[in-house]
Amino acid sequence: MRRLIVFDFDWSMADQDSDRWIFEVLAPDLRRKMKTLKDNIQWTDLVSQSLREAHARGITREQIEDALRIMPFHPGMVRGIKRLKEEGNTTFLCLSNANNIFITTILETKGLLPAFEEIVTNRAEWESSGLLNLCRRIDPHGPQHDCTVGCSPNMCKGEELDAFLARHAPAYDQIIYVGDGSNDFCPILRLRSQDMVLCRSFRGLQRRIDKDGEKLGLKCQVKYWGGAWEVEEIFNALS
């Protein structure tokens with residue numbers, strides 16, 4: 001069995017949203033401002049703008065990294081990923097609308113970074129001044145994706161999953177997708193009958209599955225979960 005497990009990050013692998021968490025910890029007024037502006041500014045651009053405002057008021061790289069390291073992350077998720085990785089027949093991909101700095105900082109803290117073959121996400125890098133410069137994965141001034149399912153402008157997760165599979169041919173015997181948000185709906189439409197989505201209950205992905213899954217031909221198995229201990233339980237049952 002050659003298996004691929006694809007993880008969204010926020011609320012799917014981690015038990016919080018990293019984009020929001022750092023501002024809740026370090027600058028709640030900026031978090032409130034983001035909530036006010038989220039319907040008017042593309043989300044990745046809004047996080048980038050908020051990071052610049054945080055930097056301007058003196059919030060440091062060390063403070064941001066420390067906030068990321070204490071973000072909630074269930075130990076059952078750590079155990080489940082590590083066990084499957086140690087067995088040797090599972091490849092892990094992280095496919096997220098967060099950014100590479102947030103994700104790698106948190107995964108390093110949990111000892112999970114080596115488990116992931118690739119992390120496909122928005123680009124971020126630390127400048128010498130301590131500013132975290134964040135950009136969309138897809139440059140807004142360049143060619144755009146043509147997704148009609150509902151992916152956000154910064155990235156089509158379905159196209160990114162297809163590209164990963166093309167880079168890592170031959171085909172995997174089974175793909176398991178762990179997600180929670182409506183932007184995880186596009187990639188799970190690419191899955192086959194032997195594949196599975198582990199959908200976090202009562203969030204955007206479940207609503208899209210309920211609304212459009214049958215209409216758009218969703219083929220994979222669907223399992224719902226509420227807590228990371230349930231994902232660990234499912235992982236432990238994989239043969």
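What you see is a predicted model, and the numbers here were worked out from it, not measured in a lab.
Within a 6.0 Å radius of CD in Glu214, other residues, nucleotides and ligands contribute 12 heavy atoms or fewer. Atom CZ of Phe202 is surrounded by 12 or fewer heavy atoms from other residues, nucleotides or ligands within 6.0 Å. No more than 12 heavy-atom neighbours from other residues, nucleotides or ligands sit within 6.0 angstrom of CZ on Arg32.
Across all non-hydrogen atoms, the minimal contact from Leu218 to Ile188 is CD1-O, 3.4 Å. What you find for Ala124 and Asn99 is that their closest heavy atoms are CB-OD1, 3.6 Å.
The pair Glu118-Arg167 meets the salt-bridge criterion, since a charged nitrogen lies less than 4.0 angstrom from a carboxylate oxygen. Between Arg207 and Asp210, no side-chain nitrogen of the basic residue sits less than 4.0 Å from a carboxylate oxygen of the acidic one, so the salt-bridge criterion is not met. Salt-bridge formation is not detected for the pair Arg200/Asp180: no Lys NZ or Arg NE/NH1/NH2 atom is positioned less than 4.0 Å from an Asp or Glu carboxylate oxygen. Ionic pairing of Arg57 and Glu53 is not present here: no N-O contact between side-chain nitrogen and carboxylate oxygen is shorter than 4.0 angstrom. Salt bridge status for Asp173 with Arg3: absent, with no side-chain N to carboxylate O gap under 4.0 Å. Under the 4.0 Å criterion applied to side-chain N and carboxylate O atoms, Glu86 and Lys82 are not assigned as salt-bridge partners.
Judged by distance alone, with hydrogens and angles left aside, the side-chain atoms of Gln42 form a donor-acceptor pair with the main-chain N or O of Thr44 at under 3.5 Å. Proximity of a side-chain donor or acceptor of Asn89 to a complementary backbone N or O of Met1 within less than 3.5 Å is detected. Panel note: side chain Glu127, backbone Glu125; no donor-acceptor pair is recorded below 3.5 Å. With hydrogens and angles disregarded, no donor-acceptor distance shorter than 3.5 Å links the side chain of Glu159 to the backbone of Cys156. For Ser96 (side chain) and Thr121 (main-chain N/O), no donor-acceptor pair under 3.5 Å exists by modelled atom type. Side-chain N or O atoms of Arg137 include none that pairs as donor or acceptor with a backbone N or O of Arg123 at under 3.5 Å. Under a 3.5 Å cut-off, the side chain of His145 and the backbone N or O of Ser152 do form a donor-acceptor pair.
Using cut-offs of 30° and 60° for the angle between ring planes, the Tyr172 and Phe164 rings count as parallel. Using bins of under 30°, 30° to 60° and over 60° for the plane-to-plane angle, the ring pair Phe235/Phe7 lands in the perpendicular bin.
For Glu232 and His74, the side-chain atoms include no donor-acceptor pair closer than 3.5 Å. Between the side chains of Asp195 and Tyr177, not a single donor N or O lies within less than 3.5 Å of an accepting N or O. Neither side chain, Asn122 nor Asn100, offers a donor N or O lying under 3.5 Å from an acceptor on the other. A donor-acceptor pair shorter than 3.5 Å cannot be found between the side chains of Arg79 and Asn236. Looking only at atom types and distance, the side chain of Asp19 has a donor-acceptor partner in the side chain of Trp43 under 3.5 Å away.
Looking at Thr104 and Ile119, their side chains come closer than 4.5 Å, going by heavy atoms from C-beta outward. Looking at heavy atoms from C-beta onward, Phe73 lies in side-chain contact with Leu112 at the 4.5 angstrom threshold.
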